[in-house]
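Structure first, commentary second.
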Amino acid sequence: MNETALTVHQIARPHGFPTAEHFAFVESALPGPAAGSALVENLYWSVDPYHREMMDDVPGGFALDAPLEGRTIGRVIASRTPRLAEGEIVFHRQGWRTHAVVTSEEIRQLPRFDKVPLTAYLSTLGGTGLTAYVGLTRIARLQEGENLFVSAAAGGVGTAAGRFARLLGAGRLVGSAGSAAKAAHLTRELGYDAAFDYHDGPAADLLGKAAPGGIDVFVDNVGGAQLAAAVGALREFGRIVRVGTISQYNTPDAPPPRFNYADIVEKSLRMEGFLVSNYRDMQEELYEFAVPHLQSGRLTLDETVVDGFEHIVDAFLGMLHGKNTGKIIVRDRTQARPETGTQTPVS
C-alpha cells in the first residue's frame with residue numbers, strides 16, 4: 001500500500017479556457033479512516049464538462065486550494081465500519097484524489113453484471129448515461145419514428161443519447177461534432193444518419209442540409225448558434241432538452257444565441273433543462289434498459305480511457321478542447337491491460 005496520497009486542487013479562477021497552471025497536485029500522508037468510515041483507493045475517475053462551470057466563482061462552485069470533487073470508483077482497503085468490507089468496489093463523489101475516506105452514506109455499492117466492465121458505471125450506466133436517458137425518456141418523451149438532433153454528439157452524453165435513441169426507435173438521427181473525423185465516426189460507428197462539423201459553416205445551413213425534413217427533438221449540449229438553428233428546424237410540437245452550454249463555458253463574454261422567439265409560440269415548442277441529480281431514483285430503470293443491450297452487444301461503450309492519475313488534469317483540459325470521443329475516463333495504471341486498447345494520455 002502506498003504511504004502517501006495525491007489530491008488535485010484548483011488554485012486560481014480561469015477566465016476562458018483553463019490551463020494546467022490553474023491546478024496543483026498536493027501530496028499528503030495516507031489518511032486513516034475514523035470509526036464509522038473506510039479508506040478507499042480510487043481506481044477510475046470521471047472528468048466532466050460541468051467541472052469547468054464549477055471552476056468559476058459561482059454558488060456551489062469549487063473552493064480554491066481544496067480537493068476537487070468528481071465521480072469516482074474505488075476499492076475499500078481499510079475499514080472501520082461493518083457496512084463497508086475491505087475489497088468492496090464502491091462509487092463515490094470524492095474524486096480527483098488517489099485515496100478518500102468515506103462513510104457508507106457517501107457511497108453507492110455497485111451491482112456487478114456479467115460482461116459489463118467497471119468503467120460503464122462512469123459512462124453509459126453512470127451520470128453520463130443517466131443524463132441521456134432522462135433527457136430522452138422524461139424530458140423529450142421521444143416517440144418512435146421522431147427525428148432527433150444531438151449537438152456535441154461525439155461527447156459522452158452525445159454518444160449515449162445517439163445509441164439510446166436508436167434503441168428507442170428514433171427516426172432520422174443527426175449529430176454535430178467538432179471535426180470531420182468525429183462527424184464521420186458518428187455515421188460510421190454510432191448509427192447516425194447524418195452528421196456535420198459545426199466549423200464548416202452557419203449552423204442553420206448545416207442542420208438544414210442534414211435534416212431537410214426538420215427535427216422533432218433537440219438534445220442540446222452546446223447552446224449558442226446550434227440552439228438557434230435547432231429552433232428554426234424544429235417541427236410543430238418539437239422539444240428542446242437543455243443539457244449544457246459548453247460553447248459558453250470558456251467564452252463567458254460570448255453573446256447569447258439569437259433566434260425567432262415567435263417560433264416557440266407558433267410551432268408550440270417546449271424547451272426544458274434539468275439536473276441529473278434530481279433523477280437519481282431512475283438509476284435502476286437505466287440498468288434495466290441498458291444492461292441487457294450491453295450484454296448482447298447491441299449497445300457499445302463509447303469511452304476514451306487515459307492511464308495514470310497524474311494525467312487527470314491533461315484529460316480534463318483535453319476534453320474541453322474536444323480531444324475525446326465518448327466519455328473520458330482516467331484509469332489507475334494497476335487496472336490497465338494491454339488487450340483493452342488503452343489510449344495514450346490526452347493532451
Side-chain angles (χ1 to χ4, degrees), residues 42-48 70-75 88-92 107-140 142 144 148 150 152-170 173 175 182 185-193 219 221 241 243 276 279-307 319 324-332 335-343:
N42 293 327
L43 305 175
Y44 299 93
W45 299 265
S46 175
V47 294
D48 297 284
R71 303 180 182 111
T72 308
I73 294 171
R75 178 187 296 112
E88 187 170 0
I89 301 296
V90 298
F91 170 95
H92 65 89
I107 64 93
R108 187 170 83 239
Q109 294 169 315
L110 297 175
R112 297 305 302 272
F113 301 105
D114 186 41
K115 299 181 182 179
V116 177
L118 280 175
T119 55
Y121 295 99
L122 295 178
S123 59
T124 301
L125 299 181
T128 298
L130 188 59
T131 297
Y133 185 74
V134 169
L136 292 174
T137 65
R138 294 302 193 274
I139 310 302
L142 180 69
E144 189 171 347
L148 180 74
V150 182
V157 173
T159 52
R163 291 196 185 275
F164 288 173
R166 271 285 170 254
L167 294 171
L168 292 166
L173 190 56
K182 285 187 176 182
H185 176 77
L186 292 177
T187 55
R188 185 179 62 248
E189 303 292 339
L190 271 77
Y192 276 78
D193 296 293
V219 177
N221 295 292
V241 181
V243 174
V276 72
Y279 290 86
R280 288 176 181 161
D281 61 338
M282 290 182 59
Q283 187 67 57
E284 291 298 323
E285 183 179 329
L286 174 62
Y287 290 159
E288 291 173 7
F289 170 76
V291 168
H293 293 304
L294 286 171
Q295 292 173 324
S296 71
R298 194 177 178 200
L299 178 60
T300 302
L301 299 179
D302 297 286
E303 299 172 345
T304 294
V305 177
V306 175
D307 278 327
M319 177 203 62
N324 60 298
T325 299
K327 179 73 184 73
I328 189 162
I329 296 169
V330 179
R331 176 174 59 186
D332 185 80
Q335 304 304 300
R337 296 183 180 87
E339 68 270 19
T340 59
T342 301
Q343 298 199 16

**Message:** Given the ring of Phe91, does Arg108 sit roughly above its face, with NZ or CZ under 6.0 Å from the centre of the six-membered ring and within 45° of the axis?
**Reply:**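 Yes, cation above the ring, under 6.0 Å and within 45°.
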Answer whether the closest heavy-atom distance between the side chains of [X] and [Y] falls below 4.5 Å.
| X | Y | value |
| --- | --- | --- |
| Leu136 | Leu148 | yes |
| Val306 | Arg331 | no |
| Thr137 | Met282 | yes |
| Arg298 | Arg163 | no |

Supply the atom-to-atom distance [X] [atom1] to [Y] [atom2], rounded to the nearest 0.5 angstrom.
| X | Y | atom1 | atom2 | result |
| --- | --- | --- | --- | --- |
| Thr128 | Asp48 | OG1 | CG | 5.0 Å |
| Leu294 | Leu125 | CG | CG | 5.5 Å |
| Tyr44 | Asp332 | OH | CG | 8.5 Å |
| Leu130 | Asp281 | CG | CG | 9.0 Å |

Has [X] got a side-chain atom pairing as donor or acceptor with [Y]'s backbone, closer than 3.5 angstrom?
| X | Y | result |
| --- | --- | --- |
| Thr131 | Val276 | no |
| Arg166 | Gly191 | yes |
| Lys182 | Asn324 | yes |
| Thr124 | Ala120 | no |
| Glu303 | Leu122 | no |
| Asp193 | Leu173 | yes |
| Lys327 | Ser46 | no |
| Ser123 | Tyr121 | no |
| Glu88 | Arg75 | no |

**Message:** Please verify the inter-ring angle class for Phe164 with Tyr133; under 30° counts as parallel, over 60° as perpendicular, anything in between as tilted.
**Reply:**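 Perpendicular, since the angle between the ring planes exceeds 60°.
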**Request:** Output, in order, the C-alpha distance, side-chain angles, deciding distance and verdict of side-chain contact (heavy atoms from CB on, under 4.5 Å) for Thr304 and Ile329.
**Result:** CA-CA 6 Å; Thr304 294; Ile329 296 169; over 6 Å; no
**Prompt:** Is the ring centre of Phe113 less than 6.0 Å from the ring centre of Tyr287?
**Reply:**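 They qualify: ring centres under 6.0 Å apart.
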Shortest non-hydrogen contact from [X] toward [Y]:
| X | Y | value |
| --- | --- | --- |
| Ala132 | Ala161 | CB-N, 3.6 Å |
| Ala140 | Val241 | CB-CG2, 3.5 Å |
| Asp114 | Gln295 | O-NE2, 3.1 Å |
| Gly175 | Tyr192 | N-CD2, 3.3 Å |
| His92 | Asn42 | NE2-OD1, 2.8 Å |
| Ala160 | Gly129 | CB-CA, 4.3 Å |

**Message:** My understanding is that only one of Val90, Ile73, Ile89, Thr72 makes a side-chain contact (heavy atoms from CB on, under 4.5 Å) with Ile107; could you say which?
**Reply:**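 Going through Val90, Ile73, Ile89, Thr72 one by one, the side-chain contact (heavy atoms from CB on, under 4.5 Å) with Ile107 is satisfied by Val90 alone.
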**Message:** Run Ile139 and Tyr279 through side-chain contact (heavy atoms from CB on, under 4.5 Å) and show every step you take.
**Reply:** CA-CA 11 Å; Ile139 310 302; Tyr279 290 86; 3.6 Å; yes
